[in-house]
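Labels below follow one simple rule: chain letters A, B, ... track the order of the sequence lines, proteins then strands, and each chain is numbered from 1.
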There are 2 protein chains.
Amino acid sequence: MSTAHGARARARIEVTAAIKDEARRQLAAEGAARLSLRAVARELGMVSSALYRYFPSRDDLLTALIIDAYDSLGESAEAAHQASADPYARWIAVCAAVRGWALDHPHEYALIYGSPVPGYTAPDTTVPPAARVGLLLIGIARDAHEGQGLDRPALPADLRPEAERMAADLAPDLPPETVTALVAAWAQLYGLVGFELFGQFNRVVEDREGFFRHAAGQLAEGVGLMPGSV
Amino acid sequence: MSTAHGARARARIEVTAAIKDEARRQLAAEGAARLSLRAVARELGMVSSALYRYFPSRDDLLTALIIDAYDSLGESAEAAHQASADPYARWIAVCAAVRGWALDHPHEYALIYGSPVPGYTAPDTTVPPAARVGLLLIGIARDAHEGQGLDRPALPADLRPEAERMAADLAPDLPPETVTALVAAWAQLYGLVGFELFGQFNRVVEDREGFFRHAAGQLAEGVGLMPGSV
DNA sequence: ACAAAAAAGAGAGCAGTGCTCTTGCATGGG
DNA sequence: CCCATGCAAGAGCACTGCTCTCTTTTTTGT
């Protein structure tokens, strides 16, 4: 068993953390593709083969960083959520938090929401932390729904089954119209953030912050959240 | 001068094309990060150093592929544009073409709209081909605008200057409200496509095609295009 | 037409990468 | 106490991008 009370076990935890820290530094500085196991080991004063005792491959190290990144983003978003009062303000705050986190951690954002590293497929371990922001957005819609109801325009007939399936999966207490709008807004949010972060707005949008605020407000209204609601 | 009528000049063109073709094959098969100059050369029966006579670095080869990818995507979108009649149908068709092209060329899509390859910044050469889809969307809005006018809700006061600047840059004949909505819709479109392509919709959206159609319709209405308009 | 210049290919070599295997040492549990 | 396990170290393999030199081939200027 890996009971955690040996001096050895403690050392293992510390070394593992040190590796992740150094890897995160390199990730932030150079990006995922330039993250090198050998460089991490070198910086930590250990030989590269020793590092494989802690992470069996580069992909495993990346996976650990991905999970941490999702959690860090989720924390930022949840903090912004709790700091705001009404649903509309919360929506804007969460969107702004996602954007702010992305601008602060561009390479980590690229790691989780950019192109997946080729040949690499994230294991299921990453699913729960990846869902945190989505769950937050759903929660906001739920609060608003309980407050006053969110009337969304009816869905086209051919999308109803899918919409009902998604609603059953994600938020059985919300109408399918709202859930569909939520999923779309969720993806679109990351379109806005990604375009700004990856330079697609260069020479196009200057006032990034103001533009984003406005677009996030439009997204909110798209899921039925209105500025003045409870 | 590099007057183009020598046997050598012709050979150069052919070899350059062969390199790009093989590189594209590897890109499609394995992704940008696994694209290897040596492997391309090996496959072409030449030694790796010879390849540097054609592309001075791996990044230059990638840039060539990026430009080709933008052009290929632009062509698909333009074909879809011409095959449709009214502005709303054109909008949906162009969005669907973008999605279809992305699904057919996932690694090339990742190359141009995913995380930029770290340490790499695209040169200005890529700007015009990158703008093709955007220009198409602007054109659709312009057609609809001439037809009947697109009344968009008024912008918040603090965004007016930026919106007017964007309109002056991108489409001086369109109202700032429409241009702002267009830019947002443009980014959001790629959010939808990227989420589907990069697996974020796994276990969430099943009927990807239907969901996308609906979301694209919402985007259209967001810029003021209505299903029944001229 | 012929020599000089430019362009292209071939090969060796450098520094770096992920990863594996073997060897030696220290530590913790029975 | 002692042996099995955990860990570190080093050598080594196959690969990468890229540079440099040397030779051959083609183009161009006189």
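- At whole-Å resolution of the value, CD in A:E43 and P in C:dT17 are 11 Å apart.
- One atom, CD of B:Q26, and another, C1' of D:dT16, lie 13 Å apart when rounded to the nearest Å.
- At D:dG17, one or more side-chain N or O atoms of B:S36 fall inside 4.0 Å of OP1 or OP2 (strictly under the cut-off).
- Remark: C1' of C:dG18 and CD1 of A:I19 are 15 Å apart, rounded to the nearest angstrom.
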Scan the side chains in residues 194-203 of chain A for donor-acceptor partners under 3.5 Å anywhere in the protein, sequence neighbours excluded, and list what turns up.
unit_1: A:E196; atom_1: OE1; unit_2: A:R99; atom_2: NE; d: 2.9
unit_1: A:E196; atom_1: OE2; unit_2: A:R99; atom_2: NE; d: 3.3
unit_1: A:E196; atom_1: OE2; unit_2: A:R99; atom_2: NH2; d: 2.9
unit_1: A:Q200; atom_1: NE2; unit_2: B:Y70; atom_2: OH; d: 3.1
unit_1: A:N202; atom_1: ND2; unit_2: A:G199; atom_2: O; d: 3.4
unit_1: A:R203; atom_1: NH2; unit_2: B:D124; atom_2: OD1; d: 3.3

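- With sequence neighbours left out, the salt bridge (Lys or Arg N to Asp or Glu O under 4.0 Å) criterion links B:E206 to no other residue.
- In this structure, CG of A:L37 is placed 16 Å from P of C:dG16, rounded to the nearest angstrom.
- Atom P of nucleotide D:dC18 and atom OH of B:Y52 are separated by 4 Å, given to the nearest angstrom.
- A:R132 meets the salt bridge (Lys or Arg N to Asp or Glu O under 4.0 Å) test with A:D71, A:E78; sequence neighbours excluded.
- Partners of A:D21 under the salt bridge (Lys or Arg N to Asp or Glu O under 4.0 Å) rule, at least two apart in sequence or in another chain, are A:R24.
- Atom CZ in A:R34 sits roughly 13 Å away from atom P in C:dG18 (whole-Å rounding).
- Applying the ring pair (Phe, Tyr, Trp, His ring centres under 6.0 Å) test to residues at least two apart or on different chains, none of the pairs has a partner in residues 39-60 of chain B.
- The side chain of A:R42 places no N or O atom within less than 4.0 Å of a non-bridging phosphate oxygen (OP1 or OP2) of C:dA15.
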At under 4.0 Å between heavy atoms, which parts of nucleotides 2-13 of chain C does protein reach? Answer with one letter per nucleotide, 5' to 3': B base, S sugar-phosphate only, - none. -----BBBBB-B
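- Heavy atoms of A:L61 sit nowhere under 4.0 angstrom from any nucleic acid atom.
- Rounded to whole Å, atom P of C:dG16 lies 17 Å from atom CZ of A:R58.
- For A:R165, the CZ atom is densely surrounded, since the number of other residues' heavy atoms within 6.0 Å is greater than 12.
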